[in-house]
Number of protein chains: 2
Amino acid sequence: MSETPGYRPLYRQVYDIVVRRVAQGVWRPGEALPSEQSLARELGVSQGTMRKVLDALTAEKVLERRQGKGTFIAENTQERAQFRFFRIAHPGGKRLTPSLGTEAARVRAARSVERDRLELTRDARVVEITRVRHIEGAPAIREVIILPAAMFPGIEKHMPLPNSLYTLYQSGFGVTIVATHEELSAQLASGEDHRHLGITVGAPVLVIDRIAVDLTERKVEWRVSRVNSENLVYAITIT
Amino acid sequence: MSETPGYRPLYRQVYDIVVRRVAQGVWRPGEALPSEQSLARELGVSQGTMRKVLDALTAEKVLERRQGKGTFIAENTQERAQFRFFRIAHPGGKRLTPSLGTEAARVRAARSVERDRLELTRDARVVEITRVRHIEGAPAIREVIILPAAMFPGIEKHMPLPNSLYTLYQSGFGVTIVATHEELSAQLASGEDHRHLGITVGAPVLVIDRIAVDLTERKVEWRVSRVNSENLVYAITIT
DNA sequence: GAGTGGTCTAGACCACGCA
DNA sequence: GCGTGGTCTAGACCACTCT
């Protein structure tokens, strides 16, 4: 993570330049970059080196390349973000798309635990979003989402929020989520779970504690999801 | 998955050749392959194309490349397999290494559900391994592992089994696990969980249902792990 | 046909590990 | 100092998309 190689390959430097441009929003989501050739010329490297950079960013899902068309800023579209970071499914079955039940948002001072998890300063404020998501008509997931208010000014006015928040983060606030760290545990349904999800107290609940990281490696979102595990699973492939 | 490109790049053909050799055990785990140069010469391609193949297999963790030393068959060593496929940790903390509690193995006819999950023929036999794993001295995980007996002849005689079975699969049976598909759910502790893990009936248990896939895309292992979720989580990073 | 990304080559030089 | 993988270049040609 914090190596000092003492040697910095050319493609690494070029990579950083391109990442910086993407993070600064030089190109909009869905927009095409200049061609491999012209970028290589502009940055004074060979086409092969430029390709290595663009291929790496494609592997990280920051860019998309389409033969014959061009290189594009990857869009966290609803469907795409859905399948990438939303991993709830029926057992042995296909992925699901939730619909919105209820939601609420407010801005307030960050609590100690929130400052720790999101690496915020002492006087930071956060946006707290609480929502219930339905699957096939029934309430299934209760989420509490904490965002640094400074990074998402006015997001609480975007209600109703889109199904995939990461699309909004990218298009509305220039924040591109590239990774999430999740910790899953089993817990028993609380009174709140009962009220919001309609499950009996003491039923098993799958709890997902997630930190989302953006292109510039900032911790951008803390989300705790409580899933009615009766007929839902968290599905993932490890490679 | 089942595309018919109508066009087959050279590196793809070379890739298949190398995969076949690895699967056939032409080189042993930990052993060095011939150098990039000599492989390229032997297979009649340029060094650049050969590199593309070896880099791809390195990304899939089938090979390992070490500058100045050579290209090696990746070993599913205890530690490595441990960190790659064993994802149990303390909340917010470091990964853990379990130790063996009790274990038992027997060979029997496959049940219907096992034939389905492992895509076995009607008369197939399986090895059933049951074991309890301890973390920091206390029983924490109960696993039931189902293997196709034909693929692992005599594995039940290897008791006590190593902590990481995937190391044994590779070194003892030439089976290299390259991916797992997992489905996680929350359940309540059963009487069996109480007996084996010492937790109270009705406590929350994290259940991991895993199918492991080998280099040749065979479904090689079905494993159900029941984890005492009181002080343990399943930690994963999605990129 | 023009322009893009995708493949392939041949060769040079650099960084690393080891004897 | 040699052999290995890692980087970088320059250029050719192929496949795909759109006009």
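Order of the sequence lines sets the chain letters (A, B, ...), proteins ahead of strands, with each chain counted from 1. Computed from a predicted structure; not experimentally measured.
Atom CG in A/L10 sits about 13 Å away from atom P in C/dA15, given to the nearest Å. A/M50 places its CE atom 19 Å from the C1' atom of D/dG11, with the value rounded to the nearest Å. The separation between B/Q13 atom CD and C/dC8 atom P is 8 Å, rounded to whole Å. The distance between atom CZ of B/R12 and atom P of D/dA15, rounded to the nearest whole Å, is 18 Å. To the nearest angstrom, C1' of D/dA15 lies 7 Å from OH of B/Y7. As rounded to whole Å, 12 Å separates atom P of D/dC18 from atom CD of A/Q67. As rounded to whole Å, 13 Å separates atom P of C/dA10 from atom CZ of B/R41. The distance from atom CD of B/Q47 to atom C1' of C/dC14 is 13 Å, rounded to the nearest whole Å.
Using a 3.5 Å distance cut-off with no hydrogens or angles, the side chains of A/Q47 and A/Q37 do pair a donor with an acceptor.
When each of D/dC18, C/dG5, C/dT7 is scored by its nearest atom to the side-chain atoms of A/K69, the top-ranked nucleotide is D/dC18.
Residues A/P9 and B/P34 both approach DNA chain D. Their nearest nucleotides, taken by heavy-atom distance, put B/P34 toward the 5′ side.
B/S225 is not listed as a side-chain neighbour of B/R210, based on a closest heavy-atom distance of 4.5 Å or more. The side-chain heavy atoms of A/H90 and A/L96, taken from C-beta on, include a pair separated by under 4.5 Å.
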- Task: Check the pair A/Y169, A/E221 against side chain to side chain donor-acceptor pair (under 3.5 Å), reporting the backbone distance first and the verdict last.
- Result: CA-CA 10 Å; A/Y169 296 172; A/E221 178 203 66; 2.8 Å; yes

